[in-house]
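Each residue takes its place number in the sequence, starting with 1.
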Amino acid sequence: MKFLDQAKIHVRSGNGGAGCVSFRREKFIEFGGPDGGDGGRGGDVVVECVDGLNTLIDYRFQQHFRAKTGMHGMGKNRSGANGADIVLKVPVGTQIFEEDEETLIADMTEIGQRVVLARGGNGGFGNAYFKSSTNQAPRRANPGLEGEERTVVLRLKLIADAGLVGLPNAGKSTFLAAVSAAKPKIADYPFTTLTPGLGVVTIDTRTFVLADIPGLIEGAHEGAGLGDRFLGHLERCRILIHLVDGTSEDVAEDYRIIRDEIAAYGGGLEEKPEILCLNKADALSQEEREERAAILASESGADVYVISAVSGEGMKEVLRLAASEIKERREEERALEAAKDGTEEKGWEP
């Protein structure tokens with residue numbers, strides 16, 4: 001299955017059905033009167049968040065969606081049937097924007113969440129609706145209202161607890177494969193990973209979701225390499241795991257490039273907690289490990305964890321640290337939500 005994380009679609013809700021002008025004309029019925037029914041309501045365009053999807057590939061080849069028109073009213077006081085809704089299914093983490101790609105309409109974060117993008121038009125009234133003591137034979141009916149029409153942009157941001165960042169060939173895919181059941185493509189050339197991947201990590205009975213995004217290079221925010229748009233998948237992550245290739249000639253420069261690209265992207269990524277790892281320790285001597293770890297620590301001002309995704313050295317320590325950080329962030333988020341709910345409830349007190 002191909003990965004697609006952005007799509008532009010055009011939606012239109014159904015028009016309402018027209019009301020009917022009709023009179024009851026039957027043998028032996030002297031005063032039949034008006035009996036035109038109302039038109040049916042047009043169908044809505046609904047977006048629903050469902051389980052089992054992880055891409056927007058369904059909207060790659062079909063971009064136009066239109067709900068059904070309501071049926072017209074008929075004689076004998078028969079109302080038209082409502083038009084069928086059209087339901088667009090999207091994966092968890094999908095954001096819906098206006099055509100300007102800046103105005104957020106909805107953020108689909110829970111399975112079963114539904115948002116109406118375009119409401120169907122109301123059905124018109126038949127002439128039976130207009131009858132009164134002073135207008136006993138109305139010869140008018142309303143047409144149905146037109147449906148709504150709009151163009152929206154769907155943007156998928158994967159929901160993960162931790163995200164892997166680093167230059168191409170820093171060992172991110174190997175790291176993901178080593179700690180989860182994910183099977184990303186692994187090779188000895190840059191840009192092996194072309195699309196983000198997810199894996200579920202279990203350590204000491206605790207689990208969290210880890211995201212692997214394609215490697216960044218210098219100038220990615222200006223479109224170099226694969227660009228920086230995949231960084232959007234890290235916006236929902238609670239922490240970042242930054243991998244630096246220990247076999248690189250200048251580990252400090254490698255670290256600086258990624259931090260500069262993260263800062264240039266924005267989106268709050270530069271403020272997220274970061275676990276800094278010197279990867280590929282299995283290919284380094286003890287002296288090289290100590291020297292490069294010291295250089296990296298001096299450049300970053302943070303603790304550096306020497307690991308090897310191939311041999312497993314230092315991996316459990318990093319995963320335990322990541323799990324603890326994620327747990328703290330979850331508790332902070334729950335406390336904020338509880339405080340917010342309490343404030344709202346207090347505000348509604350008479």
Side-chain angles (χ1 to χ4, degrees), residues 7-53 56 58-59 61-91 94-100 103-108 110-154 348:
K8 180 182 283 190
I9 61 173
H10 184 80
V11 298
R12 194 185 197 288
S13 58
N15 297 334
C20 175
V21 176
S22 172
F23 293 90
R24 186 179 182 190
R25 292 187 176 89
E26 292 183 43
K27 191 176 182 181
F28 306 121
I29 304 296
E30 186 176 358
F31 301 106
D35 66 350
D38 301 337
R41 179 183 173 85
D44 296 336
V45 179
V46 181
V47 177
E48 182 179 9
C49 192
V50 299
D51 194 13
L53 291 179
L56 298 173
D58 293 341
Y59 306 102
F61 301 105
Q62 182 181 358
Q63 294 90 30
H64 293 261
F65 300 90
R66 183 169 181 167
K68 297 292 184 181
T69 298
M71 297 292 291
H72 302 312
M74 294 170 281
K76 299 184 180 178
N77 287 316
R78 290 175 293 175
S79 296
N82 292 335
D85 296 340
I86 184 167
V87 180
L88 310 180
K89 297 181 179 180
V90 298
T94 301
Q95 292 181 323
I96 306 171
F97 290 87
E98 292 283 7
E99 193 173 5
D100 61 9
T103 307
L104 181 65
I105 299 172
D107 194 358
M108 314 296 285
E110 297 178 1
I111 294 173
Q113 183 179 351
R114 290 168 68 95
V115 172
V116 178
L117 278 185
R119 296 196 176 275
N122 289 327
F125 293 124
N127 68 334
Y129 177 85
F130 298 102
K131 67 183 179 182
S132 67
S133 60
T134 57
N135 186 12
Q136 297 184 5
R139 297 181 180 275
R140 57 168 291 203
N142 286 350
L145 295 180
E146 288 192 358
E148 299 174 356
E149 191 170 4
R150 68 195 305 186
T151 298
V152 298
V153 175
L154 305 179
W348 282 102

TODO: With rounding to the nearest 0.5 Å, note down the distance linking CD in Glu98 to OG1 in Thr151.
DONE: 9.5 Å
Task: Glu148 side chain reached by Val45 side chain, heavy atoms, under 4.5 Å - done: no
- [ ] Give a yes or no on this: more than 12 heavy atoms of other residues, nucleotides or ligands lie within 6.0 Å of atom CD of Gln62.
- [x] yes
Open item on the list: On a heavy-atom basis, which atom in Gly75 and which in Ser22 lie closest, and how many Å separate them?
Closed with: CA-OG, 3.5 Å
Task: Exceeds 12 heavy-atom contacts within 6.0 angstrom, atom OH of Tyr129 - done: no
TODO: Calculate, to the nearest 0.5 Å, the distance between atoms OG1 and CG belonging to Thr94 and Leu53 respectively.
DONE: 8.5 Å
Open item on the list: Using modelled atom types and a 3.5 Å cut-off, is there a donor and acceptor pairing between side-chain atoms of Asp44 and backbone atoms of Gly120?
Closed with: yes
Open item on the list: Using a 6.0 Å cut-off, check whether atom CE of Met71 has over 12 heavy atoms from anything other than its own residue.
Closed with: no
- [ ] Report yes if some heavy atom in the side chain of Lys89 is under 4.5 Å from a heavy atom in the side chain of Asp58; otherwise report no.
- [x] no
Open item on the list: Donor-acceptor check, side chain of Asn127 to backbone of Pro138, threshold 3.5 angstrom: yes or no?
Closed with: yes
- [ ] Considering non-hydrogen atoms only, spot the tightest contact between Cys49 and Glu110 and give its length.
- [x] CB-O, 3.2 Å
- [ ] Would you check if Phe23 and Arg139 make a side-chain contact, meaning some heavy-atom pair closer than 4.5 Å?
- [x] yes
Task: Within-4.5 Å side-chain heavy-atom neighbours: Met108 and Ile96 - done: yes
Open item on the list: Using modelled atom types and a 3.5 Å cut-off, is there a donor and acceptor pairing between side-chain atoms of Asp38 and backbone atoms of Gly126?
Closed with: yes
Open item on the list: Less than 4.5 Å apart, side chain to side chain, heavy atoms only: is that true for Arg12 and His64?
Closed with: no
TODO: Could you tell me the separation between the CD atom of Gln63 and the NE2 atom of His10, rounded to the nearest 0.5 Å?
DONE: 11.5 Å
TODO: Return yes if some donor-acceptor pair links the side-chain N/O of Asn15 with the main-chain N/O of Glu146 below 3.5 Å, else return no.
DONE: no
Open item on the list: Counting C-beta onward and ignoring hydrogens, is there a side-chain heavy-atom pair between Lys8 and Glu99 closer than 4.5 Å?
Closed with: yes
Task: Flag side-chain contact, heavy atom, 4.5 Å: Arg150 against Val11 - done: yes
- [ ] Measure the spacing between OG1 of Thr69 and CG of Asn82 and express it to the nearest 0.5 Å.
- [x] 12.0 Å
- [ ] Could you tell me which non-hydrogen atom of Ala7 sits nearest to which non-hydrogen atom of Tyr59, and how far apart they are?
- [x] CB-CB, 3.9 Å
Task: Approximate separation, where rounding is to 0.5 Å, of Asp35 CG and Glu26 CD - done: 8.5 Å
Task: Side chain to side chain, Leu154 and Leu88, heavy atoms closer than 4.5 Å - done: no
Task: Heavy-atom donor-acceptor pair, Arg114 side chain to Val46 backbone, under 3.5 Å - done: no
Task: Flag, side chain of Asp107 to backbone of Gln95, donor-acceptor distance under 3.5 Å - done: no
- [ ] Look only at the side chain of Ser13 and the backbone of Arg119, and say whether a donor-acceptor pair between them is shorter than 3.5 Å.
- [x] yes
